[in-house]
Amino acid sequence: MTSLKIDRLLSLDVFRGITIAGMILVNNPGSWSNIYSPLQHAKWNGCTPTDLIFPFFLFIVGVTTAFSLGKIKEKEHDIKAVMIRLLRRSAMLFLLGLFLAGFPSFDFSTIRIPGVLQRIAVVYFFTSLIFLFVRKENLVYVTAFLLLIYWGLMTLIPVPGVGAANLEAGTNLAAWVDQQILSGHMWRSTKIWDPEGILSTIPAIGTALIGVLTGYWLKSKNDKITKTVWMFVYGIALLTLGYIWDFWFPLNKSLWTSSYVVYTGGLALIFLAMCYWFIDVLNIKWWIKPFHIYGMNAITVFFLSGLMAKLMYIIKVTNQNGESISLKSYIFQNVYLSIASPINASLFFALSYITFWLFLMWILYRKNIIIKI
């Protein structure tokens, strides 16, 4: 744990807090059968507001990497100690993800190995290595290489046992790789492929590298207005490129397509530019406190809220009809459905869950505590 009195970019913390609050919102509806469409992932191709949340977080990981490892790169440091630090943090994130996936039974014969925290861990590790060992002026080429090579793999390489390259669920090359390496250890909703699978992690690193390039720009000696303007310009350029690329390589979160990387990277740049403009340039901060609180302990609140969500499914209570149902269902049916229509009740439950965790994170905030992974 550490104090809040460290040098941080306030707009980035707020952006992180908004993103984590969004994650908790879409992950915890009162009922999965009653969700407003913007709070659902696209069924396959396409991009909803919900599909922006995870790439936004990986983008933030990249920006943060440029700040946190910047001094290490600029000065002489023991590379062995740095590597141990990176491995330790990545392993901790990965293990936390496995813990969430396995809780409470921890059946390692079927435990899901990929996942959100696991992808963050892998992307953080390789992004950090690239940041440390690749010159700044070459990062654009590395990012482009990762996105182009993934495009080629997914659209040109025949899929063994299937035939021609394709981008359909379960029969594409990424799914085939998952089946060969992760068989029996994938997301239970898909079983034969994983949205955080192995091959699609390659372009996910590209998402973080766009963040690294943004971090370099924010650390530059340019004035704040110049920084803001060019973040908007590059964001719009990436957004446009992603939209055009969509015609040949469709936007798809589950495949983490290269067009999706560029498109969401552009939107992340624009969103960060807006936060930077309002918070760091205009000094308009009256609205930021809840998101700042969330942003200071982002991984902590994501992990604990996920753990509690599982507990609410596991704990059983008896309803008025004598039936055994989950604690979550009991609360939803007896509190939220009594005051609103099913879809609004589902939304109110998610908003209440966010508020509950905001209160708990506020306690840490008041005590100047950041739990660092």
Side-chain angles (χ1 to χ4, degrees), residues 15-29 32 35 39-42 47-65 89-103 106 110-128 174 178 182 185-191 193-208 211 252-257 260-261 264-265 268 294-295 297-313 350 353-354 357 361 371-373:
F15 185 17
R16 185 189 296 109
I18 293 171
T19 303
I20 285 294
M23 279 188 177
I24 296 173
L25 175 69
V26 302
N27 286 344
N28 296 278
W32 288 102
I35 310 174
L39 301 180
Q40 300 183 61
H41 291 291
C47 187
T48 72
T50 297
D51 293 318
L52 301 176
I53 294 172
F54 197 6
F56 275 19
F57 194 85
L58 291 185
F59 170 87
I60 293 166
V61 167
V63 179
T64 305
T65 298
R89 184 161 194 240
S90 299
M92 181 62 71
L93 285 168
F94 200 95
L95 289 172
L96 285 174
L98 285 181
F99 183 91
L100 273 182
F103 184 84
F106 298 103
T110 60
I111 191 172
R112 183 190 178 197
I113 295 175
V116 171
L117 287 175
Q118 295 93 312
R119 171 159 284 183
I120 292 172
V122 174
V123 168
Y124 165 74
F125 180 74
F126 284 104
T127 299
S128 298
D178 289 344
L182 300 172
H185 297 279
M186 291 178 277
W187 190 32
R188 63 183 180 181
S189 296
T190 56
K191 294 185 176 61
W193 60 274
D194 200 288
E196 278 77 54
I198 295 170
L199 202 59
S200 61
T201 301
I202 295 173
I205 296 169
T207 298
N252 188 301
K253 178 190 177 293
S254 294
L255 295 177
W256 213 278
T257 53
Y260 173 76
V261 171
T264 57
Y294 258 115
N297 279 295
I299 295 295
T300 300
V301 71
F302 178 80
F303 174 79
L304 292 178
S305 65
L307 187 62
M308 175 172 268
K310 280 206 161 192
L311 283 170
M312 287 197 296
Y313 276 112
Y353 200 63
I354 290 175
W357 282 103
M361 292 302 105
I371 301 176
K372 296 183 73 72
I373 305 300

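If you read the sequence from its start, that first residue is 1, and numbering goes on from there. Side chains included, hydrogens not; waters and symmetry mates left out as well; all remaining heavy atoms used.
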Taking the side chain as everything from C-beta on, heavy atoms only, tell me whether [X] gets closer than 4.5 Å to [Y].
X: Phe54; Y: Thr264; answer: no
X: Leu39; Y: Pro29; answer: no
X: Phe94; Y: Phe125; answer: no
X: Arg112; Y: Asp194; answer: yes
X: Ile299; Y: Phe57; answer: yes
X: His185; Y: Ile111; answer: yes

Please enumerate all residues that pass side chain to side chain contact (heavy atoms under 4.5 Å, CB included) together with [X], with sequence neighbours excluded.
X: Ile53; result: Thr19, Met23, Val26
X: Leu100; result: Leu117, Phe303, Leu307
X: Ser305; result: Ile24, Tyr353, Trp357

Nearest 0.5 Å, please: how far is [atom2] in [Y] from [atom1] in [X]?
X: Glu196; Y: Ile120; atom1: CD; atom2: CD1; answer: 9.5 Å
X: Leu199; Y: Asp178; atom1: CG; atom2: CG; answer: 8.0 Å
X: Leu25; Y: Ile35; atom1: CG; atom2: CD1; answer: 10.0 Å
X: Thr300; Y: Met361; atom1: OG1; atom2: CE; answer: 6.5 Å
X: Cys47; Y: Asn252; atom1: SG; atom2: CG; answer: 10.0 Å
X: Thr50; Y: Lys253; atom1: OG1; atom2: NZ; answer: 10.0 Å

If you compare all heavy atoms of [X] against all heavy atoms of [Y], which two are closest, and at what distance to 0.1 Å?
X: Ala42; Y: Thr48; value: N-CG2, 3.6 Å
X: Asn28; Y: Ala309; value: OD1-CB, 3.3 Å
X: Val116; Y: Phe302; value: CG1-CZ, 3.8 Å
X: Thr127; Y: Ala208; value: OG1-CB, 3.3 Å
X: Ser90; Y: Ala121; value: O-CB, 3.2 Å
X: Ile20; Y: Ala298; value: CG1-CB, 3.4 Å

If we ignore hydrogens and angles and just use 3.5 Å, is the side chain of Tyr124 paired with the main-chain N or O of Leu93 as donor and acceptor?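 Not a single qualifying donor-acceptor pair exists.
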Using modelled atom types only, decide if a donor and an acceptor are shared between the side chain of Arg119 and the backbone of Gly197 within a distance under 3.5 Å.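 Yes: the side chain of Arg119 pairs with the backbone of Gly197.
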Going by distance alone, is a donor N or O of one side chain under 3.5 Å from an acceptor N or O of the other, for Arg89 and Ser128?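 Looking only at side-chain atoms, Ser128 and Arg89 do not form any donor-acceptor pair under 3.5 Å.
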Donor + acceptor pair across side chains of Thr207, Trp256 (<3.5 Å):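 There is such a pair between these side chains.
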Which word best sums up how the rings of Phe106 and Phe99 line up, parallel for under 30°, tilted for 30 to 60°, or perpendicular for over 60°?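 Ring orientation, 0 to 90° scale: tilted.
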Over 12 foreign heavy atoms within 6.0 Å of CE, Met92: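 Incorrect, the count does not exceed 12.
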